[in-house]
Amino acid sequence: MLVRQHAEDAAFLFVQRGRAFHGQSWDEMQLGRTDQRIAGNIAGLVAAGKTGLEIAAEYAETVGGAGEVFALAVTAFAQGSAVEFTLAAGLGSPAGRKGLSGALAWTEPRVIGPQVRRWLESGEEGLRFLGLVALSHHRSDPGAMLAGFLTDPAPEVRSRAARLAFELGRVDLAGHMLDLAAGDLWSLLALARFGKGAGPLYDHATMAEAPVAELALDTALIAAPDQARERLGAMLRQPTTRALALSRAGVTGDLSVAGWLWQQLDQEADVDAAQFALFDIYPLDPDLCGDLAQRPVSLDVWLKAHANDPPHLSLRRKRLDVLRAGFRDRATPLPDWRRTRAYPAWS
């Protein structure tokens, strides 16, 4: 049935899209084409009316993944349908919340605005959390309300409020972050952006699990590149943090480490991390650099072989550029690096 295919494809493409966000292969064009395909499948669900909504709800209930909840929520928002069952399908699991988050990012503010305002005033912590998620995705500033959310009884609401303050550049709220900073990534990120030091962020990267550790270290290196050699050196000496440190050795753009990274390609355990760091330094498309697996004679030979490759602005590079801009201008909202213009889906 065509409508079922729309639901399955929308869910699959959403998950594929999410996995590509932090990688080095996809660029703006690949993201835009995928978004066009998602939009086409969502349009099919919406056009199917009640049947489309019921099929999306069936998949959200039986499969329950982020993609299925995303497809259901976007369809419900677009049809102006009641979303209570959508929330029930999504709030109960991390995957469901990811799907709801994606749906709020996908849907225009004018469509979700009235519901978001109700959620922000709700007595249910899950709804307050979703309200902040929506504000975060659309870079909407709730003004004085945000300080109140930083003292919310629910830890996840406080953390999401800290993330929103970080993204909006709300330097005026730096003092509120000090009480939240112990163990909360977004409070540490905000404090670093607001000029309160990146040391705790470096420390957090050594203790957290991926992907939190990766974001913490990326941001710490951008906030305090003068500490990079000492901090990365210490992490490289520890087996538990070596791969992470090696993979982030290119974040600062320091060309002097490129030769050393090239040498690490000789170590089987270090190959993936060293390649990742090299692609952070050089704007090359990994998909066009299959020769790296055969290990060219030298770094210079490899670079010359790809001298005429088109510049590759990966989604990861876009994200790092946005973070760098945010630390240059601490009081300006961060652009949403995941938004892109539309490209033909099947060209």
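Worth saying up front: this structure is predicted, and the values here are computed from it rather than measured.
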Taking distance alone, no hydrogens or angles, what donor-acceptor pairs closer than 3.5 Å link side-chain atoms of residues 272-279 to residues at least two apart or in another chain?
none

key: Electrostatic pair R324-D321, nearest N-O below 4.0 angstrom   =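 Yes.
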
ask   = Are D152 and R128 close enough for a salt bridge, meaning some N to O gap below 4.0 Å?
value =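 Looking at D152 and R128, the cut-off is met.
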
Checking [X] now: which residues fulfil salt bridge (Lys or Arg N to Asp or Glu O under 4.0 Å) with it, not counting sequence neighbours?
{"X": "D280", "answer": "R316"}
{"X": "E156", "answer": "R97"}
{"X": "D309", "answer": "none"}
{"X": "D285", "answer": "none"}

query = Hey, what's the ring geometry for F21 with W337, parallel, tilted or perpendicular (30° and 60° as the breaks)?
reply =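 Perpendicular: the ring planes of F21 and W337 meet at over 60°.
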
message = List the residues meeting ring-ring contact (aromatic ring centres under 6.0 Å, His included) with H306, not counting sequence neighbours, and say none if there are none.
response =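 Counting only residues at least two positions away or on another chain, H306 forms a ring-ring contact (aromatic ring centres under 6.0 Å, His included) with W302.
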
Who passes side chain to side chain donor-acceptor pair (under 3.5 Å) against [X], sequence neighbours left out?
{"X": "R170", "value": "D141, D172"}
{"X": "Q5", "value": "D9"}
{"X": "Y59", "value": "E8"}
{"X": "N308", "value": "none"}

Do the side chains of [X] and [Y] join up, straight or via other hydrophobic residues, at under 4.5 Å, putting them in one cluster?
{"X": "L168", "Y": "M145", "result": "yes"}
{"X": "L244", "Y": "L261", "result": "no"}
{"X": "L127", "Y": "V111", "result": "yes"}
{"X": "L320", "Y": "Y202", "result": "yes"}
{"X": "L323", "Y": "L313", "result": "no"}

Give a yes or no on whether the backbone of [Y] and the side-chain of [X] come within a donor-acceptor separation of less than 3.5 Å.
{"X": "R193", "Y": "G326", "answer": "yes"}
{"X": "R139", "Y": "L334", "answer": "yes"}
{"X": "R117", "Y": "I112", "answer": "no"}

key: Donor on one side chain, acceptor on other, H137 and S101, under 3.5 Å   =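 There is such a pair between these side chains.
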
inquiry  = Hydrogens and angles aside, do S298 and D300 bring a side-chain donor and acceptor to less than 3.5 Å of each other?
reply    =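 No pair is found: no donor N or O on one side chain lies under 3.5 Å from an acceptor on the other.
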
request  = Show the numbers, then the answer: is there a ring-ring contact (aromatic ring centres under 6.0 Å, His included) between F14 and W106?
outcome  = CA-CA 11 Å; F14 173 76; W106 187 273; 8.4 Å; no

inquiry  = Tell me if the CZ atom of R229 is crowded by more than 12 foreign heavy atoms within 6.0 Å.
reply    =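 At most 12 heavy atoms, drawn from other residues, nucleotides or ligands, come within 6.0 Å of this atom.
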
Which atom pairs, one a donor and one an acceptor, fall under 3.5 Å between side chains of residues 203-215 and the rest of the protein, sequence neighbours left out?
| unit_1 | atom_1 | unit_2 | atom_2 | d |
| --- | --- | --- | --- | --- |
| D203 | OD1 | R231 | NH1 | 2.7 |
| T206 | OG1 | D203 | O | 2.6 |

Distance-only donor-acceptor hits, side chain of residues 39-48, under 3.5 Å, sequence neighbours excluded:
| unit_1 | atom_1 | unit_2 | atom_2 | d |
| --- | --- | --- | --- | --- |
| N41 | OD1 | H6 | ND1 | 2.9 |
| N41 | ND2 | R37 | O | 2.9 |

